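What you see is a predicted model, and the numbers here were worked out from it, not measured in a lab. Positions are given from 1 along the sequence.
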Amino acid sequence: MPNIKIFSGSSHQDLSQKIADRLGLELGKVVTKKFSNQETCVEIGESVRGEDVYIVQSGCGEINDNLMELLIMINACKIASASRVTAVIPCFPYARQDKKDKSRAPISAKLVANMLSVAGADHIITMDLHASQIQGFFDIPVDNLYAEPAVLKWIRENISEWRNCTIVSPDAGGAKRRLNVDFALIHKERKKANEVDRMVLVGDVKDRVAILVDDMADTCGTICHAADKLLSAGATRVYAILTHGIFSGPAISRINNACFETAQCSKCFLGGRSLIHHHLLDYVAWILLCTYSFFGFTFVYLDPFLAKYPLRPK
């Protein structure tokens with residue numbers, strides 16, 4: 001694949017390496033370090049003049065440091081005469097701050113969009129944005145990929161009673177339509193960020209398998225409370241499928257004590273490392289298939305791969 005350079009930030013190098021391996025490319029040479037005053041320094045170790053550059057950096061771990069590192073890498077490639085710079089951001093940072101929901105609240109997702117554009121990004125590729133309107137914060141092309149095809153595939157292959165299941169999530173309408181199964185809604189009211197006051201189940205899950213689908217799990221309070229609510233409403237079993245597993249704060253202890261049959265989480269976020277070998281949390285590669293297809297937007301010679309793993313199920 002000529003004229004392509006893939007560089008990895010420090011947020012999720014394993015994911016970047018797997019993408020490069022799948023495409024038959026070597027990761028570009030880049031050195032990231034910090035000065036003694038904690039300033040981030042990035043050195044691109046090879047020429048990018050006239051190249052189509054992809055920088056893979058997710059909004060996980062030390063989010064602020066990783067975001068700054070991404071901005072510096074974009075700018076470094078741009079002023080080194082790269083033909084085009086695409087930022088591949090599987091989990092978009094500050095995505096939950098997408099609207100002015102109270103007085104004097106910032107719209108931080110818009111600020112991040114402005115920063116990426118000013119740094120020199122020509123194209124943004126992300127996955128399962130927390131709020132779709134974030135795409136409108138940019139004046140450059142944004143591709144928001146969906147985990148839905150891989151989610152559907154996993155459900156059909158691993159849940160034998162999937163025809164008698166109920167999809168439960170505020171954001172699972174697409175999965176419900178594709179599977180042609182029942183849908184239930186968990187309405188939650190929050191006291192404050194990461195703290196749920198009460199939940200109301202809208203829909204019937206009695207004597208059915210409940211599948212919780214969500215784009216993000218941070219402290220896991222919502223999905224764990226939702227699982228308890230579903231069991232008390234008569235669900236026979238509860239599964240959880242998450243795109244971005246952040247697992248901060250008390251998330252580990254909560255999910256360890258949860259009533260899930262299993263919790264499926266993507267590899268596009270490197271959170272909750274101590275959970276990787278827990279019997280409830282199964283890190284699988286289904287999101288990775290969608291992540292590989294990031295590169296299909298640009299290169300027509302990847303069409304056979306996209307036919308095998310389409311962005312949306314046919």
Side-chain angles (χ1 to χ4, degrees), residues 91 95-96 98-99 126-135 144-190 196-246 254-255 258-266 268-269 280-282 284 286-287 289-290 309-314:
C91 183
R96 286 176 287 185
D98 62 298
K99 58 184 176 296
T126 187
M127 174 165 281
D128 272 359
L129 279 172
H130 190 67
S132 295
Q133 66 263 27
I134 293 175
Q135 296 173 83
N144 179 30
L145 305 187
Y146 299 92
E148 180 188 321
V151 169
L152 299 177
K153 182 175 184 290
W154 186 89
I155 290 174
R156 290 190 179 107
E157 291 180 354
N158 294 274
I159 302 177
S160 58
E161 309 96 324
W162 67 266
R163 291 181 178 82
N164 187 42
C165 75
T166 299
I167 299 292
V168 185
S169 173
D171 303 312
K176 175 257 180 185
R177 289 191 296 272
R178 296 288 183 180
L179 287 172
N180 194 28
V181 297
D182 290 341
F183 173 69
L185 175 70
I186 292 283
H187 172 69
K188 55 183 181 289
E189 295 180 3
R190 295 187 183 273
V196 177
D197 185 19
R198 74 188 185 97
M199 284 186 165
V200 178
L201 173 63
V202 181
D204 182 23
V205 295
K206 186 174 176 59
D207 299 325
R208 299 179 71 84
V209 174
I211 304 175
L212 276 165
V213 181
D214 210 347
D215 69 302
M216 184 181 294
D218 189 352
T219 61
C220 293
T222 298
I223 61 168
C224 290
H225 290 161
D228 293 337
K229 189 78 175 178
L230 292 169
L231 284 180
S232 65
T236 57
R237 287 185 292 169
V238 180
Y239 294 83
I241 299 179
L242 315 165
T243 304
H244 305 301
I246 300 173
R254 284 176 175 173
I255 207 164
C259 56
F260 301 116
E261 284 290 315
T262 184
Q264 295 291 322
C265 184
S266 79
C268 66
F269 198 104
L280 281 178
L281 195 72
D282 183 12
V284 292
W286 46 265
I287 298 299
L289 296 177
C290 293
Y309 299 114
L311 300 184
R312 285 277 190 175
K314 295 180 181 179

Subject >> For D98 against A131, the heavy-atom pair lying closest together >> reply: OD2-CB, 3.2 Å
Original post:
Going from CG on D214 to CG on D218, what distance comes out if it is rounded to the nearest 0.5 angstrom?
Top reply: 11.0 Å
**OP:** Output the distance between atom SG (C91) and atom CE (M127), rounded to the nearest 0.5 Å.
**Re:** 11.0 Å
Original post:
Is there a donor-acceptor pair closer than 3.5 Å between any side-chain N or O of R96 and the backbone N or O of H130?
Top reply: no
**OP:** Kindly compute the distance separating CZ (F260) from CD1 (I211), expressed to the nearest 0.5 Å.
**Re:** 12.5 Å
Subject >> Candidates V238, V168, L231 - the one meeting side chain to side chain contact (heavy atoms under 4.5 Å, CB included) with V205 >> reply: V168
Original post:
Which heavy atom in V209 sits nearest to a heavy atom in I159, and how many Å separate them?
Top reply: CG1-CG2, 4.3 Å
**OP:** Start with the C-alpha gap between D182 and D204, add the side-chain angles, then the distance that decides, and say whether side-chain contact (heavy atoms from CB on, under 4.5 Å) holds.
**Re:** CA-CA 8 Å; D182 290 341; D204 182 23; over 6 Å; no
Original post:
Say you draw a straight line from CD of Q135 to CG of L129; how long is it, rounded to the nearest 0.5 Å?
Top reply: 5.5 Å
**OP:** Go through I155 and I241 one step at a time and tell me if the side-chain contact (heavy atoms from CB on, under 4.5 Å) criterion holds.
**Re:** CA-CA 9 Å; I155 290 174; I241 299 179; 3.7 Å; yes
**OP:** Using modelled atom types only, decide if a donor and an acceptor are shared between the side chain of R208 and the backbone of A235 within a distance under 3.5 Å.
**Re:** no
Original post:
Is there side-chain contact between I186 and L201, with heavy atoms separated by less than 4.5 Å?
Top reply: yes
Original post:
What are the two closest heavy atoms between F183 and T166, and how far apart are they?
Top reply: C-CG2, 3.9 Å
**OP:** Measure across R163 and V181 and return the closest heavy-atom pair with its distance rounded to 0.1 Å.
**Re:** O-CG1, 4.2 Å
Subject >> Gap between atom CG of L230 and atom CD1 of I223 - 0.5 Å precision >> reply: 11.5 Å
**OP:** Write down the atom of C224, the atom of A258, and the distance for their closest heavy-atom approach.
**Re:** SG-CB, 3.9 Å
**OP:** Report the C-alpha distance between V213 and Y239 in whole Å, list the side-chain angles of each, state the deciding distance to 0.1 Å, and finish with yes or no for side-chain contact (heavy atoms from CB on, under 4.5 Å).
**Re:** CA-CA 8 Å; V213 181; Y239 294 83; over 6 Å; no
Subject >> Shortest non-hydrogen contact from C259 toward D228 >> reply: SG-OD1, 3.6 Å
Original post:
Atom CZ in R237, atom CD in E161: separation rounded to 0.5 Å?
Top reply: 4.0 Å
